[in-house]
There are 2 protein chains.
Amino acid sequence: MNKLKLLAVQETRQRLAQNGLKVTPQRVVILETIMQMKNHPTVEQIYERVSADHPNISLATIYKVMATFVEKGMVQTMLTSNDIKMYEPNLEPHFHIYYTDSNSIEDYFDDELSDMLNNYFRKKNIANLNISDIRVHILAKSTA
Amino acid sequence: MNKLKLLAVQETRQRLAQNGLKVTPQRVVILETIMQMKNHPTVEQIYERVSADHPNISLATIYKVMATFVEKGMVQTMLTSNDIKMYEPNLEPHFHIYYTDSNSIEDYFDDELSDMLNNYFRKKNIANLNISDIRVHILAKSTA
DNA sequence: GTGTCTGCAAAATCTTTGCAATACC
DNA sequence: GGTATTGCAAAGATTTTGCAGACAC
């Protein structure tokens, strides 16, 4: 294991601990794996990828660990345009473009939009509403 | 059946036909039912409600009919904050507020926001992107 | 040491399918 | 009449559960 990888694992362990979770090898591997998968993985895909290196980690564990991560707010769930549940491990503010013709999803980073929305809701100040996140899905056909 | 209800059924039949669908009694009942359910019903809830008046309509039919409606763009799917799939029959432009403490979802109508987003993306004019819909989910704790 | 987590296999849940009968256009 | 739709029951897919052993803290 090289230095870079060691560092990543170190950060992963810290992140688990910070969220009040016991640092088990399974959780480390799963969190590492999903952080590297940039394409909003499904349970199936996570299991496939994790199994490749760690055939002893069971599917039930993937389910349980992912549920725990969601509960802790470390990842989010969303539907693919095919209506399959998938995970979003990237917690940096960003949005999603759903391509309805190809059934694919792309991350869309746009600070200007983030600011605009945040300002709008700050000004609007909806009564009794404590906003924790604003998610935007753009449905589009690519006309390339 | 009173006049009001007859009118509604008439409109439903037209809407089915306009979407190129054969007007079957099952489709009429299901579409009528979901239009009346203002709370983003799950398959389960639709079936329950439909069954009450029409015990002969099968669950498989609900699944098939709802899939057809989604395909035709007559309804949309989304996840509850509990990660259960539900349907959104209201196609007027509007947004959703997810209350993360109570796991409930509320429709949020805001023309100003609609306009702001539409203008933003019109100006931005993202290359090769033909936007058909912009969905906003606001995650919030109600601090009432 | 204690309580949480994992792996296994079984159970429960959810969704789709094949096909014969039916109903729409 | 021809084709699409329905209902049924069974199959398939997905997710959860119970529990014994293992492990983190």
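So that the names make sense, note that chain A is the first sequence line, chain B the second, and so on, each numbered from 1.
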For the atom pair CD1 (B:Ile30) and OH (B:Tyr87), what is the distance rounded to the nearest 0.5 Å? 10.5 Å

Under the criterion side chain to side chain donor-acceptor pair (under 3.5 Å), I'd like the reasoning laid out for A:His40 against A:Asp107: C-alpha separation, chi angles, the key distance, then a yes or no. CA-CA 9 Å; A:His40 311 108; A:Asp107 284 338; 2.8 Å; yes

List the steps and the verdict of side chain to side chain contact (heavy atoms under 4.5 Å, CB included) for B:Tyr98 and A:Asp133. CA-CA 10 Å; B:Tyr98 281 67; A:Asp133 196 9; over 6 Å; no

[X] [atom1] - [N] [atom2] separation (whole Å):
X       : N      : atom1 : atom2 : result
A:Asn19 : C:dC5  : CG    : C1'   : 17 Å
A:His54 : C:dT6  : NE2   : P     : 14 Å
A:Tyr87 : D:dT15 : OH    : C1'   : 10 Å
A:Met66 : D:dT15 : CE    : P     : 12 Å
B:Phe69 : D:dT5  : CZ    : P     : 11 Å
A:Leu16 : C:dT4  : CG    : P     : 17 Å
B:Tyr47 : C:dT15 : OH    : P     : 14 Å
A:Ile84 : C:dC14 : CD1   : P     : 18 Å

So which atom in [X] and which in [Y] form the shortest heavy-atom distance, rounded to 0.1 Å?
X        : Y        : result
B:Asn90  : B:Glu92  : OD1-N, 3.0 Å
B:Met86  : B:Ile105 : CE-CD1, 3.4 Å
A:Asp110 : A:Leu113 : OD1-N, 2.9 Å

So, does [X] use its side chain to make a donor-acceptor pair with the main chain of [Y] at under 3.5 Å?
X        : Y        : result
A:Asn19  : A:Arg15  : yes
B:Arg27  : B:Lys22  : yes
A:Ser132 : B:Leu139 : yes

What is the ring orientation for B:His137 with B:His96, classed by angle as parallel under 30°, tilted 30 to 60°, or perpendicular over 60°?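 Perpendicular.
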
Just to be sure I understand the geometry, which residues of residues 70-78 of chain B put a non-hydrogen atom under 4.0 Å away from DNA chain C?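 Nucleic-acid contacts, sorted: none.
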
Is it true that A:Gln45 and A:Asn39 share a donor-acceptor pair across their side chains at a distance under 3.5 Å?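 No - no donor-acceptor pair under 3.5 Å links their side chains.
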
OP1 or OP2 of C:dT16 under 4.0 Å from side-chain N/O of B:Tyr63: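 B:Tyr63 to C:dT16 OP1/OP2: no side-chain N or O under 4.0 Å.
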
Contact under 4.0 Å: B:Ser58 side-chain N or O vs D:dC8 OP1/OP2: no

In B/S/- notation, 5' to 3', how is nucleotides 17-25 of chain C contacted by protein heavy atoms closer than 4.0 Å? BB-----BS

Rounded to 10°, tell me the angle between the two end axes of the helix from C:dG1-D:dC25 to C:dC25-D:dG1, each built from five pairs.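 The end axes of the helix from C:dG1-D:dC25 to C:dC25-D:dG1 are about 60° apart, to the nearest 10°.
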
